[in-house]
Amino acid sequence: MRPILVILAMVGLVVLPVSAHNNYFLPGDAFFSVTLTRELMEKWMKSEEAAFEFSYDRFDGDFFACGNIGYTSLVVDGITRELRQALTEAYWRFASNPAPTYQLIEDDGAGQLTQTNGVVALIYNKDFKVDQDALGLKFNEDWSEQGGGRYCGYIDASEAVMRDWRGAKGVAPLAVREKPTATAHLAENYEVANTMESSLHIGGKEIMIVLVGIVDYKGFGTMTTCPDLKDIFSSGNGAVYTLVKEGTFREFSCNEDGVWSAEAVKLPVPSGESRVPEKVVIPVVR
């Protein structure tokens, strides 16, 4: 790992004299982050396709108008009934409270209701070692080179930044099938407000999905964050997350003494215990 010349607890930190950018998924990142909304999960539940496309969502809390870099699309293929069922059950248990909230987003004269408190989910390699103080850290050893000089971390605490940088060498990046060149996104779109148009792919049997919190939406001009990640990192009282793999999921919770416990949920969940609604109602604009 490169020597650390500047240490600050600022997530949107610029440490090199280069143009700043909004970083989406970079080839060295440990996870691909998404927002699971009721609308998205309804599509996931009803889909009969073996592939499902997820769009990257950032949770660094920053907004820059100087350009976006990285990859925004991840296609998970080879999806089995067991994976679909596990994520469906886990989502509805995680998102049962609070109730969804929506905001009317205007675009070219058309209005669309968009959920503003979806569930933050991180897609990892299935063999990623899940420690509570590792969730939400990108573990990208080449963050400075790949990110155009910006470290776009998700947890605004100095100890989290240091944990991320110290551990990066020992954590493998998300094993997407394309094996993209580390800086291809810079060569193609550097200093241009665009991201890579091509989708990345990974197999459903090669991943786990970790639900880590509820989106904190600040409105246009400020990117969303996931404050629950900081509670997980610091083992705060009441912190929770759910780990989903094909055919199973486990729910983790932290008590007032900072001690974590886990509960495995067997699938299929009996109909009387399932929290998946028989009919999902999504608000529409009339």
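Keep in mind that what you see is a predicted model, and the values were worked out from it rather than measured.
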Apply ring pair (Phe, Tyr, Trp, His ring centres under 6.0 Å) to residues Phe31 and Tyr154 and explain how you reach the verdict. CA-CA 12 Å; Phe31 63 79; Tyr154 285 3; 5.6 Å; yes

Any idea which heavy atoms bring Met41 and Thr88 closest together, and the distance? CE-CA, 4.0 Å

Worked verdict on Leu243 versus Val130 for side-chain contact (heavy atoms from CB on, under 4.5 Å): CA-CA 9 Å; Leu243 192 159; Val130 179; 3.6 Å; yes

Compare every heavy atom of Cys226 with every heavy atom of Gly213, then report the nearest pair and how far apart it is. CA-SG, 4.0 Å

Donor-acceptor pair, Gln146 side chain versus Gly28 backbone, under 3.5 Å? yes

With rounding to the nearest 0.5 Å, note down the distance linking CD1 in Ile79 to CZ in Phe52. 7.0 Å

To the nearest 0.5 Å, tell me how far His185 NE2 sits from Met196 CE. 8.5 Å

Could you tell me whether a side-chain N or O of Asp231 sits under 3.5 Å from a main-chain N or O of Ala239, the two making a donor and an acceptor? no

Are any side-chain N or O atoms of Lys138 and backbone N or O atoms of Cys152, one a donor and one an acceptor, separated by less than 3.5 Å? yes

Taking the side chain as everything from C-beta on, heavy atoms only, tell me whether Asn117 gets closer than 4.5 Å to Pro100. yes

With Glu178, which residues qualify under side chain to side chain contact (heavy atoms under 4.5 Å, CB included), at least two apart? Val176, Pro180, Leu200, His201

Can you classify the ring geometry of Phe54 versus Trp44 as parallel (below 30°), tilted (30 to 60°) or perpendicular (above 60°)? tilted

Can a donor-acceptor pair be found, under 3.5 Å and without considering hydrogens, that links the side chain of Asp164 to the backbone of Phe139? yes

Mind checking the CD1-OG1 spacing from Ile155 to Thr225? Nearest 0.5 Å is all I need. 11.5 Å

Do the side chains of Glu42 and Arg38 get close enough for a salt bridge, i.e. N-O under 4.0 angstrom? no

On a heavy-atom basis, the closest approach of Ala30 and Tyr124 is O-CD2, 3.4 Å

Looking at Leu186, is its backbone amide N or carbonyl O close enough to the side chain of Thr183 to form a donor-acceptor pair, meaning the two atoms are under 3.5 Å apart? no

Do side-chain atoms of Asn23 reach the backbone of Arg150 as a donor and acceptor pair under 3.5 angstrom? yes

Working note: Thr116 + Thr101, criterion side-chain hydrogen bond (donor to acceptor under 3.5 Å, both in side chains); need CA distance, chi angles, decisive distance, verdict. CA-CA 6 Å; Thr116 58; Thr101 59; 2.8 Å; yes

Across all chains, not counting sequence neighbours, the side chain to side chain contact (heavy atoms under 4.5 Å, CB included) partners of Ser274 are Glu89, Val269, Val276

Minimal heavy-atom distance between Asp29 and Tyr56, with the atoms involved, is OD2-OH, 4.5 Å

Sub-4.5 Å side-chain heavy-atom contact between Val244 and Val210: no

Under a 3.5 Å threshold, yes or no: a donor from one side chain and an acceptor from the other, between Ser73 and Glu53? yes

Between the side chains of Ser235 and Trp260, does any donor sit under 3.5 Å from an acceptor? yes

Kindly work out whether a path of hydrophobic side-chain contacts (I/L/V/M/F/W/Y, heavy atoms less than 4.5 Å apart) joins Leu26 to Phe128. no

Examine the side chains of Tyr241 and Gln132 and answer whether a donor and an acceptor come within less than 3.5 Å of each other. yes

Quick check: closest heavy atoms across Arg275 and Arg93, and the distance to 0.1 Å? NH1-O, 3.5 Å

Determine whether Leu122 and Val212 satisfy the following criterion, side-chain contact (heavy atoms from CB on, under 4.5 Å), listing intermediate values before the conclusion. CA-CA 8 Å; Leu122 310 178; Val212 295; 4.1 Å; yes

Say whether, by atom type as modelled, one donor and one acceptor occur between the side chain of Ser33 and the main chain of Asp57 under 3.5 angstrom. yes

Main chain of Glu256, side chain of Asn237: is a donor-acceptor contact present, judged purely on distance under 3.5 Å? yes

Step-by-step side-chain contact (heavy atoms from CB on, under 4.5 Å) determination, Ile207 to Val76: CA-CA 9 Å; Ile207 65 170; Val76 177; 3.9 Å; yes

Any sub-3.5 Å donor-acceptor pair from Thr242's side-chain atoms to Tyr91's backbone N or O? no

Is any side-chain heavy atom of Leu87 less than 4.5 Å from a side-chain heavy atom of Leu36? yes

Do Arg250 and Glu263 meet the salt-bridge criterion of a basic N to acidic O distance under 4.0 Å? no

Val119-Leu74 co-clustered via ILVMFWY side chain contacts under 4.5 Å: yes

Mind running side-chain contact (heavy atoms from CB on, under 4.5 Å) on Asn125 and Ile202 for me, showing each step along the way? CA-CA 9 Å; Asn125 294 331; Ile202 195 167; 4.3 Å; yes

Check whether any side-chain N or O of Asn255 sits under 3.5 Å from a backbone N or O of Asp257 as a donor-acceptor pair, and report yes or no. yes

Give me the atom names and distance for the closest heavy-atom approach of Trp143 to Gly149. CZ3-O, 4.1 Å

